[in-house]
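Some notes on the structure that comes next.
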Protein chains: 2
Amino acid sequence: MKEINLVEKVKSKKLKVTPQRVAILEAIYMLDNHPTAENIIQYIGKNYPNIAVGTVYKVLESFVDNGLLNRVKTENDVMRYDPMVENHHHLYCCESDKIENFEDPELDHLIAEHFRKKKIKNFKIKDIKLQITGIFKNK
Amino acid sequence: MKEINLVEKVKSKKLKVTPQRVAILEAIYMLDNHPTAENIIQYIGKNYPNIAVGTVYKVLESFVDNGLLNRVKTENDVMRYDPMVENHHHLYCCESDKIENFEDPELDHLIAEHFRKKKIKNFKIKDIKLQITGIFKNK
DNA sequence: TTCTTATATAAGAATTATTCTCTTTTAAGA
DNA sequence: TCTTAAAAGAGAATAATTCTTATATAAGAA
């Protein structure tokens, strides 16, 4: 992703455009496996060795609050970040920490139809996410 | 759940039956909202004020390893435990920390059929879990 | 029943991810 | 260029979980 787009993304949320924010957003797009805060710190450490850990967490928080990122739940207690904010599901590898995004509007429709016909008692659905666990092949 | 069943559950996995293990398993069944380690410690603290925190975590780990419990992912970084080990989904309340189990074999079938006809490229599915977020009504 | 031993527990230190505090710096509008 | 609210830096604080080591105990063997 070009620098200019990163800046635009930050600007579009009325956040101050700082080099740290641009570097962190870039790292997330480059790393492309739903990185942890630590992954990000390591990645930007090459050009930016003095960034404060607290800053990274604060920037990530502001990005999540402003809809530039989503947090991704994982089995262990490390938070991971996803630059895809549109509705989608996740493929989890059961042999590694790989997570891939997954979209399937047809399936979404199927599930929505199912719940339209057969509501859950005493519960109003806001969102449905699939966690699909399995094994990635020949990659 | 009766004491005897708890003991049997522990025994069935060839784990030593200790008062701590029985108390912890009982707490999980009694608390019934996918408790955290802390919830459990608080609950059993009434009759068992001296149980060590580390023990609770070790017992939970052994139960998970032996299929008596499952871990449940949450947004924040606290692990929760689920005594239902059969395949099922979760309803997450977006206004509180309530989590409820949800079973719908018809839906499972629908989804399985969908993926039988339309496979995911380069991915072999092992398990599919739905995280259904929403609001619990009149409860 | 008593003995033996692998396993479990207690206690608290250590670790790890994350948040907080406070001071200094800076982006961006006036 | 000036002003100021917001951001960054540095590192302490917190909170959940794991680890370490000495002691205790469940459960099978004798």
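Lettering follows sequence order; numbering is per chain, from 1. Bear in mind that the values here come from a model prediction, so they are computed numbers and not experimental data.
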Checklist entry - So B/Ile132 and B/His90, side-chain contact (heavy atoms from CB on, under 4.5 Å) or not? Walk me through it. => result CA-CA 6 Å; B/Ile132 306 173; B/His90 286 129; over 6 Å; no

Checklist entry - C/dA8 P sits how many Å from B/Ile24 CD1, rounded? => result 12 Å

Item to check | Sidechain-backbone polar pair: A/Asn33 side chain, A/Ile99 backbone, donor-acceptor under 3.5 Å | outcome: yes

Item to check | Complement of D/dT4, any strand, by Watson-Crick or G-U distances under 3.5 angstrom | outcome: C/dA27

Checklist entry - The side chain of B/Val59 lies closest to which of these nucleotides: D/dG9, C/dT7, C/dT9? => result C/dT9

Checklist entry - Nearest of D/dT17, C/dT19, D/dT25 to any side-chain atom of B/Lys16? => result D/dT25

Checklist entry - Which comes earlier along DNA chain D counting from the 5' end, the contact point of B/Arg80 or that of B/Lys58, where each point is its nearest nucleotide? => result B/Arg80

Item to check | Among D/dT17, C/dT9, C/dA10, the nucleotide that comes nearest once only the side chain of B/Arg21 is considered | outcome: C/dT9

Next on the checklist: Strictly distance-based, threshold 3.5 Å: is any side-chain N or O of A/Arg71 a donor or acceptor partner for the main-chain N or O of A/Val64?
Outcome noted: no

Checklist entry - Taking atom P of D/dA8 as reference, at what distance in whole Å does atom CG of A/Leu60 sit? => result 11 Å

Item to check | ring-ring contact (aromatic ring centres under 6.0 Å, His included) partners for A/Phe123, two or more places apart | outcome: B/Phe136

Next on the checklist: For DNA chain D, which residues of residues 36-49 of chain A approach it to below 4.0 angstrom with any heavy atom?
Outcome noted: none

Checklist entry - If you look at every strand shown and take non-hydrogen atoms under 4.0 Å, does B/Thr18 touch a base, only sugar-phosphate, or nothing? => result sugar-phosphate

Next on the checklist: Taking 4.0 Å as the cut-off, does a side-chain nitrogen or oxygen of B/Tyr57 come that near to OP1 or OP2 on D/dT18?
Outcome noted: no

Next on the checklist: On DNA chain D, compare the nucleotides closest to B/Glu61 and B/Val17; which residue's is nearer the 5' end?
Outcome noted: B/Glu61

Checklist entry - Shared ILVMFWY cluster between A/Met84 and A/Ile28, side chains joined below 4.5 angstrom? => result no

Checklist entry - Starting at CG of B/Asn50 and ending at C1' of C/dA10, how long is that distance when rounded to a whole Å? => result 9 Å

Checklist outcome for this item: Whole-Å distance, B/Asp65 CG to C/dT7 C1', equals 15 Å

Item to check | d(CD1, B/Ile51; P, D/dT25) in whole Å | outcome: 14 Å

Item to check | Lys/Arg-Asp/Glu bridge criterion (N-O < 4.0 Å) met for A/Arg116, A/Glu113 | outcome: yes

Checklist entry - Which residue, A/Tyr81 or B/Gln20, contacts DNA chain C at a nucleotide closer to its 5' end, judged by nearest heavy atom? => result B/Gln20

Next on the checklist: Hydrogens and angles aside, do A/Asn39 and A/His34 bring a side-chain donor and acceptor to less than 3.5 Å of each other?
Outcome noted: no

Item to check | Nearest-angstrom distance from the residue atom CZ of A/Arg71 to C1' of C/dT19 | outcome: 11 Å

